[in-house]
Amino acid sequence: DDDVRRILSHRVLLDGTAAERLSQRGFSSLIGVEAKRDASVKFTQESTPWGFDCGLSATDDVPILRPLPGARELTTLVFCTYNGAPAERVAPGATVFDNACGGRVVCGSWHDRVSGFKIYSESRRNWLRRLLEALDAEALPVMGDDDQPLLCQCRRAADGALLVEAVNL
């Protein structure tokens with residue numbers, strides 16, 4: 001548990017499965033949400049305030065996030081009865097929370113078993129960039145917006161500085 005608290009004292013991006021497991025272990029107060037799967041909750045997509053929506057639906061078996069006081073909703077799971085119908089808010093899709101340990105945690109409902117075409121898309125790439133910016137509260141210093149063959153490596157220097165190498169293949 002001390003290791004978990006130490007990790008959560010930094011900037012952390014959690015998927016739905018990780019948020020659910022940490023909730024089960026009693027860490028909701030440090031991640032800002034209670035996360036639990038609930039088959040009775042129906043939604044058809046994840047709506048963002050950034051002008052695009054992302055594919056995600058109740059059939060993806062994602063945990064539902066119940067935000068605690070202080071958590072801010074970044075995206076919203078919504079239900080539409082048909083394409084173009086008004087969207088009804090269901091639950092947060094992603095949240096950001098500054099915890100008592102000094103960390104900032106972004107939790108999302110998605111997880112690694114969500115189908116690839118919903119995760120590996122341009123809208124999800126933009127969504128991920130926005131979540132990472134919410135973690136750091138500023139724009140990413142480098143971002144490759146187009147699909148490209150890119151090799152990225154990160155290492156720590158002897159003095160602890162982060163070294164990042166991006167090579168356009």
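One is the number of the first residue; the rest follow in order along the sequence.
Here the CG atom belonging to L30 is positioned 12.0 Å from the CG atom belonging to D98, to the nearest 0.5 angstrom. Taken from CG in N126 to CG in L131, the straight-line distance is 11.0 Å, to the nearest 0.5 Å. Rounded to the nearest 0.5 Å, atoms CD (E133) and CG (L128) are 10.0 Å apart. Residue N99 holds its CG atom at 10.5 Å from NE2 of H10, rounded to the nearest 0.5 Å.
A salt bridge links E46 with R124: the closest approach of a Lys/Arg side-chain nitrogen to an acidic carboxylate oxygen falls below 4.0 angstrom.
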Apply side-chain contact (heavy atoms from CB on, under 4.5 Å) to D53 and S123, showing your working. CA-CA 7 Å; D53 292 332; S123 61; over 6 Å; no

Apply the test side chain to side chain donor-acceptor pair (under 3.5 Å) to residues S28 and S23: give CA-CA distance (whole Å), side-chain angles for both, the deciding distance (0.1 Å), then the verdict. CA-CA 5 Å; S28 289; S23 287; 3.2 Å; yes

Can L74 and R130 be said to form a side-chain contact (heavy atoms from CB on, under 4.5 Å), step by step? CA-CA 9 Å; L74 296 172; R130 300 296 180 123; over 6 Å; no

Tell me, with the steps shown, if V96 and R104 meet side-chain contact (heavy atoms from CB on, under 4.5 Å). CA-CA 7 Å; V96 61; R104 174 171 286 170; 3.7 Å; yes

Apply the test side-chain contact (heavy atoms from CB on, under 4.5 Å) to residues C80 and Q45: give CA-CA distance (whole Å), side-chain angles for both, the deciding distance (0.1 Å), then the verdict. CA-CA 8 Å; C80 297; Q45 65 188 15; 4.2 Å; yes

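No more than 12 heavy atoms of other residues, nucleotides or ligands sit less than 6.0 Å from atom CZ of R21. Heavy atoms from other residues, nucleotides or ligands lying under 6.0 Å from CZ of R72 number 12 at most.
Counting heavy atoms from C-beta on, the side chains of L163 and R156 never come closer than 4.5 Å. A heavy-atom distance below 4.5 Å is found between the side chains of F43 and L56. Looking at K42 and V90, their side chains never come closer than 4.5 Å, going by heavy atoms from C-beta outward. R129 has its side chain out of reach of L132: every pair of non-hydrogen atoms, C-beta onward, lies at least 4.5 Å apart.
Side-chain heavy atoms closer than 4.5 Å link hydrophobic residues (I, L, V, M, F, W, Y) into clusters, and following such links, possibly through other members, connects V33 to V4. One hydrophobic cluster holds both L65 and F27 under the rule that ILVMFWY side chains link at heavy-atom gaps under 4.5 Å. Hydrophobic cluster membership is shared by I64 and F79, with clusters built from Ile, Leu, Val, Met, Phe, Trp and Tyr side chains linked at under 4.5 angstrom.
Only one option out of W110, W50, F52 pairs with W127 in a ring-ring contact (aromatic ring centres under 6.0 Å, His included); it is W110.
Contact between E73 and T75 at its shortest, heavy atoms only, is CG-O, 3.2 Å. Shortest non-hydrogen contact noted between S109 and V62 is O-CB, 3.2 Å. Closest approach of L8 to V105, counting heavy atoms only: CD2-CG2, 4.1 Å. Of all heavy-atom pairs between V12 and I7, the closest is CG2-O, 3.2 Å. Of all the heavy atoms in S57 and T44, the pair that sits closest is CB-O, 4.1 Å. The minimum heavy-atom distance between I31 and C107, with the atom names listed, is O-SG, 3.7 Å.
Listed for the E20 side chain is a donor-acceptor partner under 3.5 Å among the backbone atoms of R37.
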